[in-house]
Every structure is written in structure tokens, then in C-alpha cells.
Amino acid sequence: MCCYEWHHSLNKEIKMTDKILRCQDVQEVTGLSRSTIYRMMNRDDFPQATKLGIRAIGWRQSAVDSWIEGRCDG
């Protein structure tokens, strides 16, 4: 089973709405540092963040989950 496959299948069963993850949440889920996340976003190797406010951004949980799933397939 993929490292996050159980988490993804759980979300399908519960049919939760798509949450917005803040940077610290994304760091915890992916194990990446803040600078690595931003560097990968600039290279289009990571999902783009959504602007939430003047100084706030977040990532759709579904986009981050899909990215993780894609990494586990390799």
C-alpha cells in the first residue's frame, strides 16, 4: 500500500469537502521544508498555492494528496 494510499481512500469514503492546507500543514504532510515547497512551485513540480488574502496562501488538500500519490507511484 502506498505511503498515503490509506489516507486518500479514507477521504473517498468520508466524502469530505476539499480543505485548504496552510504551509505548515503542507510541510508536515509532505516532509518538505518551506523553501523546498516554494522552489518546487516555481519549477511547476508542486501544486500552486491559492491566494487567501493579502498575506495568506494555502493549498487544496486534494491537489497535495494527488501530488503525494503521484510521487508514491514512482
Side-chain angles (χ1 to χ4, degrees):
M1 180 178 277
C2 176
C3 52
Y4 283 93
E5 192 173 313
W6 64 271
H7 177 70
H8 189 67
S9 64
L10 179 63
N11 281 343
K12 283 183 179 178
E13 290 175 17
I14 297 174
K15 306 259 184 206
M16 298 178 91
T17 58
D18 204 7
K19 292 182 180 180
I20 300 294
L21 302 176
R22 299 301 299 270
C23 191
Q24 185 159 348
D25 301 323
V26 175
Q27 288 176 274
E28 289 175 13
V29 170
T30 62
L32 300 173
S33 69
R34 181 180 178 275
S35 59
T36 299
I37 292 168
Y38 283 93
R39 187 171 38 253
M40 291 178 75
M41 275 181 25
N42 287 335
R43 293 189 318 234
D44 289 326
D45 290 335
F46 195 79
Q48 295 298 309
T50 302
K51 191 163 181 70
L52 303 174
I54 295 171
R55 294 176 42 111
I57 63 169
W59 289 261
R60 291 188 175 273
Q61 183 174 1
S62 61
V64 175
D65 286 346
S66 293
W67 180 85
I68 291 169
E69 193 171 306
R71 303 293 283 192
C72 290
D73 291 343

Report summary line: Rounded to the nearest 0.5 angstrom, the CG-OG1 distance for Asp45 and Thr36 is 11.5 Å
Report task. Could you tell me which non-hydrogen atom of Gln27 sits nearest to which non-hydrogen atom of Ile37, and how far apart they are? Result -> CG-CD1, 3.7 Å
**Report entry** Backbone of Ser62 reached by a side-chain donor or acceptor of Ser66 within 3.5 Å
**Finding:** yes
**Report entry** Ala56 to Arg22 - nearest heavy-atom pair and separation
**Finding:** CB-NH2, 3.7 Å
Query raised in the report: At their closest point, which heavy atom of Ala63 faces which heavy atom of Pro47, and how far apart are they?
Result: O-CG, 3.6 Å
Report task. Could you go through the side chain to side chain contact (heavy atoms under 4.5 Å, CB included) check for Trp67 and Met40 one step at a time? Result -> CA-CA 12 Å; Trp67 180 85; Met40 291 178 75; 3.6 Å; yes
Query raised in the report: What distance do Gln48 atom CD and Asn42 atom CG have between them, rounded to the nearest 0.5 Å?
Result: 7.5 Å
Query raised in the report: What's the spacing between Asp18 CG and Ile20 CD1 if we round to 0.5 Å?
Result: 6.5 Å
**Report entry** From Thr30 atom OG1 to Asp25 atom CG, the distance as rounded to the nearest 0.5 Å
**Finding:** 10.5 Å
Query raised in the report: Transitively linked via ILVMFWY side-chain contacts under 4.5 Å: Tyr38 with Leu52?
Result: no
Query raised in the report: For the atom pair CZ (Phe46) and CZ (Arg71), what is the distance rounded to the nearest 0.5 Å?
Result: 9.5 Å
Query raised in the report: If you measure from CH2 on Trp59 to CE on Met41, what distance do you get to the nearest 0.5 Å?
Result: 5.5 Å
